[in-house]
Amino acid sequence: MALRDELLKSIWHAFTALDVDKSGKVSKSQLKVLSHNLCTVMNIPHDPVALEEHFKDDDEGPVSNQGYMPYLNKFILDKVKDNFNRQDFNKMCWTLSYRKNLEQNELKISNDDAFKIWCIFNFLSEDRYPPDHPMGGSWVEERFEDYKLQLNSKQQCLNAWELISLVGSGQFSKGMDLQTLSMGIGEVYQELILDVLKQGYMMKKGHKRKNWTERWFVLKPNTISYYVGEDLAEKKGDILLDGNCSVEHLQDKEGKKCLFLIKSSQKSFEISASDKKKKQEWIQAVQTCVTLLRQGRPAPHREARQKRRELRLKQQAEQEELELRMRELQTANEAKQHELENMRKALEEAAANAAEEETRRLQTQTELQDRYRRDLEREKLVRQQIEKNLAEKSTELEQYLQRVHELEDMYGQLEHALEDERRARQDEETIRKLQTRLLEEEAKKRAELEQIHLQQKQAISVTVAEKEELEKERLAKESALQAAMKQLEQLELERQGALEQYETVKKKLETATNNTKTWKHKVAEHEGLLRLIQPGAKGQQKITNWGPAAFSEAELSLREKQWQEMKNQY
């Protein structure tokens with residue numbers, strides 16, 4: 001499963017590089033070429049029939065990453081074994097992806113160093129897609145303020161191309177020459193990717209001729225390979241390591257110093273280091289590999305990577321648990337705050353109600369005091385007024401007997417005035433009946449006009465064939481309507497005359513009423529407490545065909561305006 005995860009990261013870069021328009025899909029022809037190349041570099045028998053069957057052209061368009069995964073798992077990754085050149089596989093995926101994602105002109109490092117950084121990144125990145133790597137505690141933001149603005153990451157993570165740009169721009173190598181940087185990248189690449197735990201020149205004793213020859217030794221977790229030179233062009237042999245291997249110190253002999261012996265299950269190898277420090281380093285490194293093989297543990301850098309991932313997962317779980325607790329605490333805090341806010345509002349409302357009740361009580365008390373004081377003052381004024389009235393009544397009683405004789409004379413004059421008022425009211429009633437009759441006739445004429453208007457509307461709605469005959473009838477009716485309107489105007493003139501007569505009578509009635517009031521006032525002055533029953537004053541009333549004062553003057557004006565508009569319409 002670990003091998004599959006490492007391979008998928010490089011394959012993902014190759015797949016996304018083929019996605020030119022960034023739609024998440026790649027054409028089937030490109031996927032066929034990619035699958036063929038993967039089978040070739042990983043020494044997997046190529047099955048063109050299955051390939052053609054899976055990517056046949058009778059389905060829809062390009063294939064997404066999820067659509068390509070079934071074929072990739074079944075026909076490639078399930079068959080892969082760790083018997084291929086991992087470097088060739090990475091080179092193929094790198095070749096497909098780096099041109100699209102990397103600007104070569106801006107880098108100070110070589111393409112080979114950029115490739116090595118890309119491989120190191122894939123090895124250390126998280127098992128998720130797109131691959132990224134979190135910036136841990138060693139990330140010092142102050143050192144990369146200028147570059148931080150250019151990062152595309154939003155969650156404190158770097159992708160492979162950002163890391164290559166960061167290293168290639170010299171951010172990590174200020175004050176360091178490019179050759180030293182390249183050597184450092186190469187050493188990290190050999191240890192992490194090629195599993196080279198240690199390498200260097202040492203002398204080896206031959207098994208047949210027993211001569212000492214300088215060889216370039218390369219230590220890996222389960223083997224020690226030795227070459228003619230450090231370019232690894234010519235390999236001379238391997239020392240296979242397992243749990244039964246051992247390393248021993250040897251005494252100096254044959255003019256060789258710093259000797260040690262490596263015993264494997266097949267052969268023993270005598271090796272001479274250049275100094276005691278390198279001898280001890282090689283012995284320690286080989287013993288570490290043998291110990292790991294006995295315990296069935298992976299290489300130190302792979303074990304360290306696994307521990308880092310487990311630590312990150314643990315930290316992530318703890319962070320998620322902490323966030324969950326914080327959310328729960330925040331929810332509880334918000335609920336408590338809401339409860340406290342409700343309690344505060346309730347207390348404020350209660351305090352406001354209490355203050356309002358106290359204000360109302362004080363206001364009521366003040367109003368009662370004011371009312372009591374006003375009642376006392378009013379009662380005092382009434383008492384004074386009664387005393388004053390009693391004094392006046394006693395004076396008036398003395399004058400009452402003198403005025404009785406004067407009232408007898410005034411009663412005769414009052415009877416004459418009342419008789420004049422009665423006659424005036426009779427005249428007013430006659431005029432009112434005349435006006436009522438005129439209004440009734442006017443209403444009849446208006447009804448006739450409305451009937452003629454309705455008949456005219458009915459005549460307009462007849463068919464085209466009867467139009468000429470109806471036109472004649474309409475003209476006749478219009479003549480009748482004009483005659484009726486003339487009669488109505490005559491009635492209007494008569495009504496105006498009646499109104500003028502009514503105004504004359506009304507003036508007479510007002511004169512009589514004024515005389516009556518004058519006499520009543522005189523009688524009241526002489527009589528004192530004696531009050532005469534007299535008719536009340538009446539305002540001006542309108543006479544209409546619906547009766548006297550059937551509606552107000554404004555309504556009468558509105559009806560006259562509507563009738564005038566109807567008249568002008570015809």
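Here, residue 1 is the first one in the sequence, and each next residue gets the next number. Keep in mind that this is a model prediction, so the values were computed, not measured. Atom set for the values below is all heavy atoms of this structure, side chains included, hydrogens, waters and symmetry mates excluded.
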Over 12 non-hydrogen atoms of neighbours within 6.0 angstrom of CZ in Arg371: no
Listed once per pair and sorted, the ring pair (Phe, Tyr, Trp, His ring centres under 6.0 Å) pairs that draw on residues 247-284, sequence neighbours left out: His207-Phe269
Aromatic ring pairing Phe115/Trp94, orientation class (parallel under 30°, perpendicular over 60°, tilted between): perpendicular
Any side-chain heavy-atom pair of Val218 and Leu197 under 4.5 Å: no
Exceeds 12 heavy-atom contacts within 6.0 angstrom, atom NZ of Lys278: no
Test item: side-chain donor near acceptor, Asp238 and Ser225, under 3.5 Å: yes
Verdict with supporting geometry, Leu38 and Ile44, side chain to side chain contact (heavy atoms under 4.5 Å, CB included): CA-CA 8 Å; Leu38 289 175; Ile44 299 173; over 6 Å; no
Heavy-atom side-chain contact between Leu241 and Leu219 under 4.5 Å: yes
Check: Tyr201 side chain, Ala273 main-chain N or O, donor-acceptor pair, under 3.5 Å: no
Main-chain N/O of Leu259 paired to Lys279 side chain as donor or acceptor, under 3.5 Å: yes
Close side-chain approach of Met42 and Ile76, heavy atoms under 4.5 Å: yes
Verdict with reasoning, Glu367 to Arg360, per salt bridge (charged side-chain N to carboxylate O under 4.0 Å, His left out): CA-CA 10 Å; Glu367 290 177 355; Arg360 284 200 299 268; over 6 Å; no
For Glu270, the option from Lys253, Lys210, Lys256 that meets salt bridge (Lys or Arg N to Asp or Glu O under 4.0 Å): Lys253
